Amino acid sequence: MNRSDVTTALETALSSVLDRPVTELRGGTRLFDDLHLDSTTMLEMLMELEDSLGLEVDPEELDAEDFETVDTFTDFALAQLSAEHGKAA
């Protein structure tokens, strides 16, 4: 799994949750300020990503900084996926 895969999955999840097309996300795009997410849509997005990427998120591990931009979320998702892959090995 690479950054492009996560960004594509994020675009798909956001399009579904926001009920509008979300394409060509940039690393600096702010999830709350630019895309107008709120806590409910963020949780819905995480559930979509759990299904599409197999991402498992422990609510205890969530930090607001991880959800500031597309880049910070992608870093978070890749770290979670890497940790999960390490556990499975």
Side-chain angles (χ1 to χ4, degrees):
M1 180 86 34
N2 61 36
R3 294 187 80 77
S4 178
D5 295 333
V6 173
T7 301
T8 299
L10 183 59
E11 287 176 345
T12 301
L14 287 169
S15 294
S16 175
V17 168
L18 297 174
D19 199 29
R20 63 179 166 86
V22 176
T23 59
E24 299 182 22
L25 286 177
R26 305 268 186 257
T29 301
R30 297 169 299 171
L31 298 175
F32 288 95
D33 295 333
D34 296 334
L35 297 176
H36 309 291
L37 294 184
D38 58 26
S39 58
T40 302
T41 52
M42 181 59 71
L43 289 173
E44 290 173 4
M45 181 196 78
L46 285 172
M47 288 189 291
E48 292 271 340
L49 291 172
E50 285 178 349
D51 292 340
S52 65
L53 296 177
L55 181 68
E56 293 182 27
V57 178
D58 180 352
E60 299 289 322
E61 295 179 14
L62 297 177
D63 289 320
E65 295 82 30
D66 294 328
F67 298 92
E68 285 182 17
T69 66
V70 170
D71 274 347
T72 59
F73 180 78
T74 301
D75 292 341
F76 168 79
L78 288 170
Q80 292 296 310
L81 291 166
S82 177
E84 290 166 22
H85 181 65
K87 289 179 193 173

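This one's a predicted model, so the numbers in the text were calculated from it and none came from an experiment.
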Check step by step if side chain to side chain contact (heavy atoms under 4.5 Å, CB included) holds for Leu18 and Leu37. CA-CA 8 Å; Leu18 297 174; Leu37 294 184; 3.6 Å; yes
Can you give me the closest heavy-atom contact between [X] and [Y], atom names plus distance?
X: Glu24; Y: Glu11; result: N-OE2, 2.8 Å
X: Met45; Y: Val17; result: N-CG2, 3.6 Å
X: Leu53; Y: Met1; result: CD2-SD, 3.6 Å
X: Gly28; Y: Asp34; result: O-OD2, 4.2 Å

Quick one, [X] and [Y] - any side-chain contact, counting heavy atoms below 4.5 Å?
X: Val22; Y: Leu10; result: no
X: Phe73; Y: Leu25; result: no
X: Val6; Y: Phe76; result: no

Look up atom [atom1] in [X] and atom [atom2] in [Y], then write down how far apart they are to the nearest 0.5 Å.
X: Leu81; Y: Asn2; atom1: CG; atom2: CG; answer: 11.0 Å
X: Asp51; Y: Thr12; atom1: CG; atom2: OG1; answer: 12.5 Å
X: Leu55; Y: Glu50; atom1: CG; atom2: CD; answer: 6.5 Å
X: Gln80; Y: Leu46; atom1: CD; atom2: CG; answer: 10.0 Å

Classify the side-chain pair Asp38/Thr41 by whether it contains a donor and acceptor separated by less than 3.5 Å.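 Side-chain D/A pair, Asp38 to Thr41: present.
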Taking only Lys NZ, Arg NE, NH1 and NH2, and the carboxylate oxygens of Asp or Glu, determine whether Asp75 and Arg3 approach each other closer than 4.0 Å.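 Answer for the salt bridge query: yes.
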Is the side chain of Ser16 donor-acceptor paired with the backbone N or O of Ala13 at a distance under 3.5 Å, no angle test?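 Looks like no, no N/O pair under 3.5 Å.
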Please step through side chain to side chain contact (heavy atoms under 4.5 Å, CB included) for the pair Met42 and Leu31, ending with a clear verdict. CA-CA 9 Å; Met42 181 59 71; Leu31 298 175; 3.9 Å; yes
Should we count CG of Asp19 as having more than 12 external heavy atoms under 6.0 Å?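 At most 12 heavy atoms, drawn from other residues, nucleotides or ligands, come within 6.0 Å of this atom.
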Is Phe32 reachable from Met47 through a run of I, L, V, M, F, W or Y residues, each pair having side-chain heavy atoms under 4.5 Å apart?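 Met47 does not cluster with Phe32.
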